2 protein chains.
Amino acid sequence: MINKNSPIPIYYQLEEEIRRMILEELAPGDILPSERDYSEKYDISRMTVRQAISNLVKEGLIYRQKGRGTFVADKKFEQDLSGLSSFSEDMINRGLTPSSKLLSFNETSGNALVASKLQMETTDKIYEIKRIRLANEEPVALETVYTPKALVGELNEQDIDISFYDYIEKKLNLTIDYGDQTIEASLANEDEIHYLNINENDPVLVMHRTSYLNDVKETPIEYVTSTYRSDKYKFKMQMKRD
Amino acid sequence: MINKNSPIPIYYQLEEEIRRMILEELAPGDILPSERDYSEKYDISRMTVRQAISNLVKEGLIYRQKGRGTFVADKKFEQDLSGLSSFSEDMINRGLTPSSKLLSFNETSGNALVASKLQMETTDKIYEIKRIRLANEEPVALETVYTPKALVGELNEQDIDISFYDYIEKKLNLTIDYGDQTIEASLANEDEIHYLNINENDPVLVMHRTSYLNDVKETPIEYVTSTYRSDKYKFKMQMKRD
DNA sequence: GAGTGGTCTAGACCACCGC
DNA sequence: CGGTGGTCTAGACCACTCG
């Protein structure tokens, strides 16, 4: 219910109420009560109702259709919506079997770019893990992961054998919040030609990503550079408007 | 400045006006005129001003501080590119000025791939618009947009001069819901070498996108192929984990 | 034609900030 | 204290959808 004398804003109380309804009573595609319904039911202004609904639309929980009404969003759609995923998860989603060949596993420090991406001092210890990533036994990407030793503790090769994200989330019980990513095109360098088994002058996709934890400080948990074979890999994403 | 009789919503006109001010007159950290200032200056309601300002806050272009005012955001926080955006919006977000050179503007039909992407018959009429897209007068991308004539009606070159999305959303009053996008690496072909002013064997980023309307059928509104210069353009995105 | 969301008005009171 | 953004009201007209 709505308490007009509460210090909690009415629009926020209504937001919580609608959130609860969606969880407990409604299914994706169901229509919500109209803005005027809420306005009359709780004796509040329609503009206040709109503020609550607008916030939920922004979150992707519901969507509006002019002249028709407001509806509960499809959960499937929310999930398809280009989430941050590891190489392994990505390959499984594409119906392929992921695997890895470890090239090197070092404890380093001193790389200024990496330290700044991880928001650390250049003297801090950082793991550097280079791997060939394969799909159905064929090389697809050359990947280097940097992660702060202070966060992940003593790490060994088995820990990250399949998925580094699994280790972070299941073993360390940390929650990854989001990643900032860039994608560019380049020509393969000598390492890439060699490890990915491609030719000189072959174009490649280069991805850089910094991922952040769900904590208050949004601590960086990894900085990754991946080079993908352009004949084996495309980035796919679904992006919402607004 | 503000035309109350225009079919373009007042809040949107004000948004554009504030966007222009930020680009041309203001620096990060500068304070904006207050909501009441705008309200009086253009003789519009403060709630309407708030709608314009809220949209810009959502985009990360400005931020509000209770009791103090509204301020221009730092550039580094502007890159909130998780959402579907047009080339123009993308460039503006990067602090660049977008423009276009029209190469061709045709009414066609018969392309099976395009027809299938737009979920149409191969006999249906489709506009094909080829443009060079520039940022600060430098060529960045070669773009071909396909859009169903049945949806956009009689189109001319001026309509899409700056932003096709603007035309769809503000003139046609259609709502774009989401886009499915792929990004791959390739080598430039002859056309791309010529129009983008690059060299043989230069790598390029090739993006394909189908965008869908917010209607019940999720009607495709455009199919786009864009080729970006790899020395001038990286895709940037923020992805949530869950 | 009845109902919906989209836009807009002309006020109001509040908590907060800086002087 | 005066000015700011935050919240809220009680209406209004519009374009749109659907029966």
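As the structure is a computational prediction, the values presented were derived from the model and not from experiment. Every chain is numbered from 1, with letters handed out A, B, ... down the list of sequences.
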Take the protein atom CE of B:Met47 and the nucleotide atom P of C:dC8, then report the distance between them rounded to whole Å.
12 Å
Could you tell me the separation between the CZ atom of B:Arg46 and the P atom of D:dT4, rounded to a whole number of Å?
10 Å
What integer distance in Å separates A:Arg64:CZ from D:dT17:C1'?
17 Å
Looking at the side chain of B:Arg68, which of C:dC8, D:dG5, C:dC17 is the nearest nucleotide?
C:dC17
Taking the side chain of B:Thr48 as its heavy atoms from C-beta onward, which of C:dT9, C:dT4, D:dG6 lies nearest to it?
C:dT9
Just to confirm, is there a sub-4.0 Å distance from OP1 or OP2 of C:dC8 to any side-chain nitrogen or oxygen of B:Ser45?
no
Between A:Gln13 (side chain) and A:Ile8 (backbone), is there a donor-acceptor pair under 3.5 Å?
yes
Name the residue from A:His208, A:Arg209, A:Gln119 that meets the side chain to side chain donor-acceptor pair (under 3.5 Å) definition with A:Tyr223.
A:His208
Would you say B:Lys66 reaches C:dG18's phosphate, i.e. side-chain N/O to OP1/OP2 under 4.0 Å?
no
Within a strict 4.5 Å, meaning less than it, do heavy atoms of the B:Arg64 and B:Arg50 side chains meet?
yes
Of A:Gly67 and A:Ile10, whose nearest nucleotide on DNA chain D comes first from the 5' end?
A:Ile10
Do any N or O atoms from the side chain of B:Asp90 and from the backbone of B:Phe87 form a donor-acceptor pair under 3.5 angstrom?
no
Rounded to the Å, how far apart are B:Arg50 CZ and C:dA10 P?
18 Å
May I ask you to decide if A:Tyr11's main-chain N or O and A:Thr48's side chain share a donor-acceptor pair within less than 3.5 Å?
no
Side chain of B:Asp37: nearest nucleotide among C:dG5, D:dT7, D:dT4?
D:dT4
Choose from C:dT7, D:dG6, D:dT9 the nucleotide whose nearest atom is closest to any side-chain atom of A:Ile44.
D:dT9
Between D:dT7 (P) and A:Asn55 (CG): distance, integer Å
9 Å
With DNA chain D as reference, determine whether B:Thr70 or B:Leu172 sits nearer its 5' end, using the nearest nucleotide of each.
B:Thr70
When the distance from CD of A:Glu40 to P of C:dG5 is rounded to whole Å, what number comes out?
12 Å
Hey, does A:Ile53 reach any base, or is it just sugar-phosphate, or nothing, if we go heavy atoms under 4.0 Å?
nothing
What's the CD-C1' distance between A:Gln51 and C:dC8, to the nearest Å?
16 Å
Counting only side-chain heavy atoms from C-beta out, which of D:dT17, C:dC8, D:dT7 sits nearest to A:Tyr11?
D:dT7
Quick one: is C:dC8 close enough that its OP1 or OP2 comes under 4.0 Å of any side-chain N or O from B:Lys4?
no
Spacing between A:Tyr38 atom OH and C:dG3 atom P, to the nearest angstrom
18 Å
